[in-house]
**Student:** 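Quick one: this structure, given as structure tokens, is what I'll be asking you about.
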Amino acid sequence: MQNNLIIYNSLTKKKELFKPLNEPFVGLYVCGPTVYSDAHLGHARPAVIFDLLYRYLTHLGYKVRYVRNITDVGHLENDADEGEDKIEKKARLEHIEPMEVVQKYLNTYYRNMEQLNTLHPSIEPRASGHIIEQQEFIKTLLEKGYAYEVNGSVYFDVAGYNEKYRYGKLSGRVLEELQNNTRVLEGQDEKRNPFDFALWKKASPEHLMNWPSKWSTGYPGWHLECSAMSIKYLGEEFDIHGGGMDLLFPHHECEIAQSTAALGKESVRYWIHNNMITINGQKMARSLGNFITLDQLFSGNHLVLEQPYSPMTIRFFILQAHYRSTVDFSKEALQAAEKGLQKLLKAIENLNKIKPCASSTVDIDILKKRCYEALDDDLNSPITLSHLFDGVRIVNSLIDGTAKIDESGLKALHELFDTFVFDILGLKDESAGAGDEKLTDDLMKIIIDLRQDAKDKKEWAASDKIRNELKNAGIVLKDMKDGVEWEKE
RNA sequence: GGUCGGUUAACCGAGUGGCUAGGUAGCGGUCUGCAAAACCGUUUACGGCGGUUCGAAUCCGCCACCGACCUCCA
């Protein structure tokens with residue numbers, strides 16, 4: 001199998017040709033959400049970007065196993081001993097079981113991701129279902145001397161690890177500098193060094209989420225689940241690990257340390273990180289309180305929004321920026337995305353009206369080639385879209401009659417949009433399947449006929465009244481050369 | 001303070017040492033009974049100051065501003 005896919009590897013800080021370890025198989029692991037509140041716009045970005053990667057790799061013929069974890073064991077709010085588990089905190093606020101919180105927000109997350117037309121990963125493992133694997137992992141680290149136990153908690157010995165391997169290779173950090181810059185936090189007296197991180201934490205009596213272990217009744221450290229689950233499902237070495245850029249340090253750095261210490265070798269070959277969505281120039285995050293949930297976007301129910309934005313508008317908005325750039329949220333940008341998406345989908349719908357000619361004045365193959373080149377160049381979705389908009393212009397010119405296309409070209413044009421817009425970029429026409437379409441079509445035909453009668457008699461007031469009233473009802477009439485079209489606003 | 005990244009036209013957002021990114025909005029034209037749509041054309045682009053070069057928005061240096069990470073985070 002051959003491909004020309006080049007991806008930017010955060011580990012080497014270079015664009016590299018993607019070569020899977022065991023063709024045609026590809027192992028892809030992506031950090032999923034901690035489910036303790038509604039999914040927001042920031043969660044949509046990695047979901048859409050890695051969905052694009054999953055779809056593209058699959059399109060290229062690879063057999064991809066896509067694993068995305070769900071963090072549902074809860075972790076300390078801060079690194080202090082008295083820090084409260086964030087899932088538990090929410091549970092107490094809402095007077096429900098911690099796992100009830102998890103279930104509630106997991107359901108919302110899955111629903112939102114389906115609305116965004118992201119495909120479910122092959123495996124969606126939950127940290128709570130892999131406590132044993134995580135404990136086994138800790139045992140290995142203890143046996144190999146990279147971890148130490150204090151009062152029922154187990155910590156990773158970063159300094160010890162750094163003697164043999166290099167801690168900080170992913171985030172470009174140097175341990176000595178880290179020593180000086182790490183914040184002094186409360187309750188760190190158990191650790192040998194402030195930069196050591198927890199593998200297992202002894203639970204305080206009021207900490208509800210806990211599991212038995214040989215060290216204490218407690219819960220696993222945050223970084224551990226990804227190491228344990230990625231290795232379980234994708235093997236000791238696998239191809240791609242993805243996630244948000246904010247996870248680069250410390251999360252992914254710690255993961256590398258754990259896995260490398262346990263296995264004696266590197267586990268991940270390509271690290272891919274998506275950049276953040278910002279709002280007013282600042283990162284959108286739950287902890288900053290400046291987030292807009294996906295349900296709020298889809299419903300328009302938020303102070304800064306003046307209208308709802310459909311899931312596909314959000315998807316298009318995300319795809320219009322390259323994944324390694326920040327993308328700034330604004331209602332103007334979303335409105336532009338909405339219009340652009342409509343234009344694209346409208347052109348695809350209009351493909352069916354085009355009649356082939358004997359000759360062709362347009363070249364579809366070059367567009368197809370450019371779309372592949374764009375995706376191959378570090379998944380450049382905005383460039384792919386720009387070429388598809390060239391295709392839109394071609395479609396509209398064909399309908400206008402200012403261009404001609406032959407039968408094979410028309411077939412290629414259909415395939416171009418089907419492949420790139422629907423299969424790879426994962427967009428879909430949301431207007432389809434609204435129900436009662438037959439009835440609506442029949443009614444519209446009657447109304448349009450009545451208006452045509454008025455027009456034939458040059459009763460412009462009557463025909464305009466029909467058009468205006470329909471407009472008020474949210475239906476736009478367009479008098480085309482070969483008849484009248486209507487669509488919902 | 002340390003590490004890393006960004007600054008592109010009205011807005012969003014790509015990109016390259018010399019050749020129109022694209023979307024949205026605006027303006028002019030074509031079409032139309034009018035409108036809408038579409039098509040064609042169009043609007044002080046590349047933070048500032050130097051340098052390298054035949055040529056830089058693109059490479060180098062300095063400065064300014066913004067952001068991310070250094071704590072849970074997509």
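What you see below is based on every heavy atom in this structure, not just the backbone, and it leaves out hydrogens, waters and symmetry mates. Order of the sequence lines fixes the chain letters, A, B, ..., with proteins taken first and strands second; residue numbering starts at 1 for each chain.
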**Student:** Tell me whether A:Asp51 contacts the main-chain N or O of A:Leu119 through its side chain, where contact means a donor paired with an acceptor under 3.5 Å.
**Tutor:**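 Yes, because the side chain of A:Asp51 sits within donor-acceptor range (under 3.5 Å) of the backbone of A:Leu119.
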
**Student:** Considering every strand and a 4.0 Å limit on heavy-atom distances, what is the contact class for A:Leu477: base, sugar-phosphate, or nothing?
**Tutor:**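 Touches a base.
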
**Student:** Touch check for A:Lys346, heavy atoms < 4.0 angstrom, all strands: base, sugar-phosphate only, or nothing?
**Tutor:**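 It contacts nothing in the nucleic acid.
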
**Student:** For nucleotides 12-22 of chain B, just jot down a letter per nucleotide in 5' to 3' order: B, S or -, based on protein non-hydrogen atoms under 4.0 Å.
**Tutor:** SSSS-----BB

**Student:** Between A:Asn396 and B:C39, is there a contact of a side-chain N or O with OP1 or OP2 at under 4.0 Å?
**Tutor:**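 A:Asn396 to B:C39 OP1/OP2: side-chain N or O found under 4.0 Å.
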
**Student:** Is the closest basic N to carboxylate O distance between A:Glu373 and A:Lys369 below 4.0 Å?
**Tutor:**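 Salt bridge: yes.
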
**Student:** Does B:C70 have its OP1 or OP2 closer than 4.0 Å to a side-chain nitrogen or oxygen of A:Ser171?
**Tutor:**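 Looking at the OP1 and OP2 atoms of B:C70, neither is under 4.0 Å from any side-chain N or O of A:Ser171.
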
**Student:** Tell me: CD of A:Glu349 to P of B:A38, nearest whole Å?
**Tutor:**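 Rounded to the whole Å, the gap is 13 Å.
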
**Student:** Let me spell it out: for each of A:Leu248 and A:Lys13, pick the nucleotide of RNA chain B with the closest heavy atom. Which residue's pick is nearer the 5' end?
**Tutor:**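 Checking each residue's closest nucleotide, the 5'-ward one belongs to A:Lys13.
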
**Student:** Heavy atoms under 4.0 Å, any strand shown: does A:Met245 hit a base, just sugar-phosphate, or nothing?
**Tutor:**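 Result for A:Met245 = nothing.
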
**Student:** If you round to the nearest 0.5 Å, how far is CG of A:Leu341 from CE of A:Met312?
**Tutor:**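 That separation rounds to 8.0 Å.
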
**Student:** Distance check needed: B:C70 C1' versus A:Asp246 CG, whole Å only.
**Tutor:**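 Rounding to the nearest Å, CG of A:Asp246 and C1' of B:C70 are 13 Å apart.
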
**Student:** If you compare every side-chain N and O of A:Arg286 against the phosphate oxygens of B:A74 (OP1, OP2), does one of them come in below 4.0 Å?
**Tutor:**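 For B:A74, OP1/OP2 do have a side-chain N/O of A:Arg286 under 4.0 Å.
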
**Student:** Using whole Å, what does the distance between atom C1' of nucleotide B:A68 and atom CG of A:Asn290 come to?
**Tutor:**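 It works out to 13 Å between those atoms.
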
**Student:** Defining pairs by Watson-Crick or G-U wobble geometry with both distances under 3.5 Å, how would you list the stems of RNA chain B with at least three pairs each?
**Tutor:**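 Stem list for RNA chain B: B:1-7 with B:64-70, B:10-12 with B:22-24, B:25-30 with B:38-43, B:47-51 with B:59-63.
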
**Student:** Do the side-chain N or O atoms of A:Lys283 get closer than 4.0 angstrom to the phosphate oxygens (OP1, OP2) of B:C69?
**Tutor:**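 Answer is yes, contact under 4.0 Å.
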
**Student:** Taking only Lys NZ, Arg NE, NH1 and NH2, and the carboxylate oxygens of Asp or Glu, determine whether A:Asp390 and A:Arg370 approach each other closer than 4.0 Å.
**Tutor:**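 Result for this pair is no, no salt bridge flagged.
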
**Student:** Is the centre of the A:Tyr161 ring less than 6.0 Å from the centre of the A:Phe156 ring?
**Tutor:**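 Close enough - the centres of the two rings lie under 6.0 Å apart.
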
**Student:** Could you check, using the six-membered ring where one of them is a Trp, whether A:Tyr270 and A:His241 have ring centers closer than 6.0 angstrom?
**Tutor:**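 Distance test on ring centres: not under 6.0 Å, no.
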
**Student:** Within this structure, what is the CE-to-C1' distance between A:Met480 and B:A38, rounded to whole angstrom?
**Tutor:**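 It works out to 7 Å between those atoms.
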
**Student:** More than 12 heavy atoms of other residues, nucleotides or ligands under 6.0 Å from NZ of A:Lys353: yes or no?
**Tutor:**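 Check passes, neighbour count above 12.
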
**Student:** B:C70 and B:A74: how far apart are their P atoms, nearest whole angstrom?
**Tutor:**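 After rounding to an integer number of Å, I get 13 Å for this pair.
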
**Student:** Distance between the C1' atoms of B:U3 and B:G41, in whole angstroms?
**Tutor:**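 These two C1' atoms come out 49 Å apart once rounded.
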
**Student:** Rounding to an integer number of angstrom, what distance separates B:A21 and B:G15 when you compare their P atoms?
**Tutor:**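 Pairwise P distance, B:A21 against B:G15, rounds to 13 Å.
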
**Student:** Going by an N to O cut-off under 4.0 Å, is there a salt bridge joining A:Arg467 and A:Asp464?
**Tutor:**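 Salt bridge: yes.
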
**Student:** Please give, in whole Å, the distance from B:C4 C1' to A:His252 NE2?
**Tutor:**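 Taking NE2 of A:His252 and C1' of B:C4, I get 17 Å after rounding.
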
**Student:** Please state how far atom CD1 in A:Ile399 lies from atom P in B:A38, giving the value in whole angstrom units.
**Tutor:**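 One finds 11 Å between P of B:A38 and CD1 of A:Ile399, rounded.
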
**Student:** For the pair A:Arg315 and A:Glu430, find out whether any cationic side-chain nitrogen is under 4.0 Å from an anionic carboxylate oxygen.
**Tutor:**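 A:Glu430 and A:Arg315: not salt-bridged.
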
**Student:** Could you state the CG-P distance from A:Leu470 to B:A37, rounded to the nearest angstrom?
**Tutor:**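 From A:Leu470 CG to B:A37 P: 17 Å.
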
**Student:** Can you tell me, in whole Å, how much space there is between the C1' of B:U32 and that of B:G26?
**Tutor:**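 Pairwise C1' distance, B:U32 against B:G26, rounds to 22 Å.
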
**Student:** Salt bridge or not for A:Lys478 and A:Glu487, using N-O below 4.0 Å?
**Tutor:**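 Counted as a salt bridge, because a side-chain N and a carboxylate O are separated by less than 4.0 Å.
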
**Student:** B:C39 and B:U44: how far apart are their C1' atoms, nearest whole angstrom?
**Tutor:**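 About 28 Å, rounded to a whole number of Å.
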
**Student:** Before accepting this row, confirm whether a basic side-chain N of the pair A:Asp449/A:Lys445 lies closer than 4.0 Å to the acidic partner's carboxylate O.
**Tutor:**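 Yes, this pair counts.
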
**Student:** Please work out which of the three classes, parallel, tilted or perpendicular, describes the rings of A:His252 and A:His273, given edges at 30° and 60°.
**Tutor:**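 Ring orientation, 0 to 90° scale: tilted.
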
**Student:** With a 4.0 Å cut-off on heavy atoms, is A:Gly281 in touch with a base, just the backbone sugar-phosphate, or nothing at all?
**Tutor:**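 Since only primed, P, OP1 and OP2 atoms lie under 4.0 Å of A:Gly281, the category is sugar-phosphate.
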
**Student:** What interatomic distance, in whole Å, is found between C1' of B:G17 and the corresponding atom of B:U53?
**Tutor:**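 The answer is 9 Å between these two C1' atoms.
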
**Student:** Check every strand shown and say whether A:Gln282 touches a base, only sugar-phosphate, or nothing at a heavy-atom separation below 4.0 Å.
**Tutor:**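 Sugar-phosphate, no base atom in range.
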
**Student:** So if I define the base as every atom that isn't primed, P, OP1 or OP2, how would nucleotides 27-34 of chain B read as a B/S/- string at a heavy-atom cutoff under 4.0 Å?
**Tutor:** ------BB

**Student:** Taking the C1' atom of each, how far is B:A10 from B:C46, in whole Å?
**Tutor:**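 Result for the C1' pair: 15 Å, nearest Å.
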
**Student:** Where do A:Asp72 and A:Arg126 land on the salt bridge (charged side-chain N to carboxylate O under 4.0 Å, His left out) test, with the steps shown first?
**Tutor:** CA-CA 6 Å; A:Asp72 63 346; A:Arg126 290 164 62 165; 2.9 Å; yes

**Student:** Could you give the CG-to-C1' distance, from A:Leu247 to B:U71, as a whole number of Å?
**Tutor:**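 About 13 Å, once rounded to whole Å.
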
**Student:** With a 4.0 Å cut-off on heavy atoms, is A:Leu344 in touch with a base, just the backbone sugar-phosphate, or nothing at all?
**Tutor:**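 A:Leu344: no heavy atom of the nucleic acid under 4.0 Å.
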
**Student:** At under 4.0 Å, does any side-chain N or O of A:Lys478 touch on OP1 or OP2 of B:A35?
**Tutor:**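 Negative; the distance criterion is not met.
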
**Student:** Can we call the ring centroids of A:Phe420 and A:Tyr372 under 6.0 Å apart?
**Tutor:**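 Centroid separation for A:Phe420 and A:Tyr372: below 6.0 Å.
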
**Student:** Taking B:A45 as the reference, what is the distance to B:A68 when you measure between their C1' atoms (whole Å, please)?
**Tutor:**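 Result for the C1' pair: 26 Å, nearest Å.
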
